[in-house]
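The next block holds one structure in the form of structure tokens; read it before the comments.
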Amino acid sequence: MSAVIATIETLLVDLPTIRPHKLSMTTMACQTMVIVRLCDSDGVEGLGEGTTIGGLAYGPESPESIKRNIDTYLAPLLIGQPASNVNALRARLNRHARGNAIAKSALETALLDAQGKRLGLSVAELLGGAQQSHLPVLWTLASGDTQRDIDEAFQRLDDRRHCDFKLKIGANPIAQDVAHVAAIKAALGERASVRVDVNQAWDEATAVRGIAALQEAGIDLIEQPIPAREHAGLIRLANRFRVPMLADEAVQDARDGFDLAAAGFSGAYALKIAKSGGLQGVLELAHVAQAAGIGLYGGTLLEGSIGTAASLHAWATLPELAWGSEMFGPLLLKDDIVTQPLDYREFGVALPSGPGLGITLDEDKLAHYTRAH
Ligand code: MUC
Ligand code: MG
């Protein structure tokens, strides 16, 4: 008899950040991860993670809703089902539950981790095999203070940790944001690539003014300057400026990616397992982008080590990420819940090896940071 899914446990885990992380819609002092522990009838365990930013500030799923919706609706759809047909389980979840992409991503990650452990293969191997084993990783400067951001950037460059930087803007008046970005770019010069993420904060007219000034200051990439659903506006901005646009909130899954490309968008897509409901969904988006000649960027919702490792296994199957990745989530957190942290060096991170995700939980740390109720 092949193994069936026996139990699915979800835990809310709160980890403090190393410094306040300021985005246009929230400031984070702590990250909350929903950790999934799935066990099959042979005792094989699969780990997953569902993580968002700032409660409900980033999107329609919060850590608490992710946990509750898995416990109440999604886990019962999986319990008792054959554990090894991940495609059938994914289809079952999608047939019976709409939306909830982050919760589905956490479950698919756990299913793939368990499958890998069962077969003695890494998740990247389950997805067809890795084409990269060391992936570039940028750092987000978001302390809210220009000089502190500059000091932080030089530290990361000197440590050979990161050589590309993303600045979170959109919370302040446009002149203040532009001055902040221009000062950082002027300080770093040609030593580093500097990009910005506006997280939808501008309207199109503000974006035209802001992007003109940022292009002038030597910024390399403009991420999601206007609201997610304004596809036509994003295409107009992409056509208007030399500096490329990176679509993030505007592209959740392959369907969004197809629509935006078919409507004439050029630029790049931020891939996130959380947006696309998991690793297979995000690779569908990546393949649409590749067919349309749109560059790829490995994105994060600031997941911890489990979600970051899952993303790395997906990105590793791609021939290249034209804009690199931002898989630095674990480095923003003061502590970790795994025994062997990810290996960050030489401006990137190594793809974890070993079966499944290649990640082992530290049970003491997990117990310490798990929310009581
Ligand atoms: C986002 O919108 O890109 C990624 C890096 C970071 O600091 O925030 C995220 C979310
Ligand atoms: Mg973004």
Side-chain angles (χ1 to χ4, degrees), residues 15 17-33 49-61 101-102 105 135-144 148-149 152-153 156 161-162 164-171 177 181 184 193-202 207 219-230 234 237 244-252 256-257 260 267-276 282 285 295-304 307-308 311-312 315 321 323-333 344 349:
L15 278 172
T17 58
I18 54 172
R19 57 149 169 76
H21 195 64
K22 294 193 179 208
L23 300 88
S24 69
M25 63 296 188
T26 190
T27 298
M28 298 166 61
C30 163
Q31 179 57 304
T32 303
M33 307 174 290
E49 176 184 338
T51 295
T52 184
I53 292 175
L56 284 171
Y58 196 93
E61 291 175 273
I102 303 177
S105 172
L135 291 107
V137 179
L138 64 61
W139 179 250
T140 295
L141 300 167
S143 73
R148 188 169 172 189
D149 281 358
E152 204 173 284
R156 308 282 151 160
R161 252 299 151 86
H162 309 279
D164 301 323
F165 298 98
K166 160 161 147 174
L167 276 46
K168 290 295 205 177
I169 60 171
D177 270 346
V181 174
I184 293 174
S193 167
V194 176
R195 302 106 182 254
V196 298
D197 188 356
V198 193
N199 281 120
Q200 316 185 60
W202 291 339
I219 299 315
D220 288 327
L221 191 65
I222 311 288
E223 182 170 343
Q224 202 61 54
I226 60 173
R229 297 176 72 187
E230 293 179 15
L234 196 61
L237 294 171
M245 300 297 134
L246 174 64
D248 183 6
E249 289 91 325
V251 275
Q252 302 288 314
D256 287 335
L260 202 54
Y269 288 166
L271 307 172
K272 292 178 180 170
I273 58 170
K275 290 193 296 186
S276 304
V282 81
L285 169 61
L296 299 176
Y297 176 65
T300 181
L301 270 187
L302 301 177
E303 290 98 349
T308 301
S311 307
L312 292 173
W315 311 159
L321 296 165
W323 292 95
S325 90
E326 58 184 17
M327 308 318 298
F328 65 84
L331 298 175
L332 189 66
L333 304 175
Y344 288 91
V349 65

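Each ligand, and each atom within it, is numbered from 1 in the order the structure gives. Source: prediction; values computed, not measured.
The existence of a salt bridge linking Arg195 and Asp220 is excluded, since no basic side-chain nitrogen approaches an acidic carboxylate oxygen closer than 4.0 Å.
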Please produce the table of protein N or O atoms sitting under 3.5 Å from N or O atoms belonging to ligand 1, one pair a line, distance to 0.1 Å.
unit_1   : atom_1 : unit_2 : atom_2 : d
ligand 1 : 2 (O)  : Tyr58  : OH     : 2.9
ligand 1 : 2 (O)  : Lys168 : NZ     : 3.4
ligand 1 : 2 (O)  : Asp197 : OD2    : 3.2
ligand 1 : 2 (O)  : Asn199 : ND2    : 2.9
ligand 1 : 2 (O)  : Asp248 : OD2    : 3.1
ligand 1 : 2 (O)  : Lys272 : NZ     : 3.4
ligand 1 : 3 (O)  : Lys166 : NZ     : 2.9
ligand 1 : 3 (O)  : Asp197 : OD2    : 3.0
ligand 1 : 3 (O)  : Glu223 : OE2    : 3.1
ligand 1 : 3 (O)  : Asp248 : OD2    : 3.2
ligand 1 : 3 (O)  : Lys272 : NZ     : 3.1
ligand 1 : 7 (O)  : His21  : NE2    : 2.7
ligand 1 : 7 (O)  : Thr140 : OG1    : 3.4
ligand 1 : 8 (O)  : Lys168 : NZ     : 3.2

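Nearest heavy atoms, Leu285 versus Gln252: CD2-O, 4.3 Å.
Of the listed residues (Ile219, Asp149, Val196), just one forms a side chain to side chain contact (heavy atoms under 4.5 Å, CB included) with Ile184, and that residue is Asp149.
Side-chain contact between Asp248 and Tyr269 is absent, with no heavy-atom pair separated by less than 4.5 Å.
Taking NZ of Lys272 as the reference point, atom OG1 of Thr51 lies at 12.5 Å (rounded to 0.5 Å). Here CH2 of Trp139 is found 13.0 Å from CG of Leu167. Values are rounded to the nearest 0.5 Å.
Residue Asp197 approaches the Mg ion (ligand 2) most closely through its N/O/S atom OD2.
Of the angles at the Mg ion (ligand 2), the one spanning OD2 of Asp248 and OE2 of Glu223 is 90° when given to 10°.
Side-chain N or O atoms of Gln224 include one that pairs as donor or acceptor with a backbone N or O of Ala250 at under 3.5 Å.
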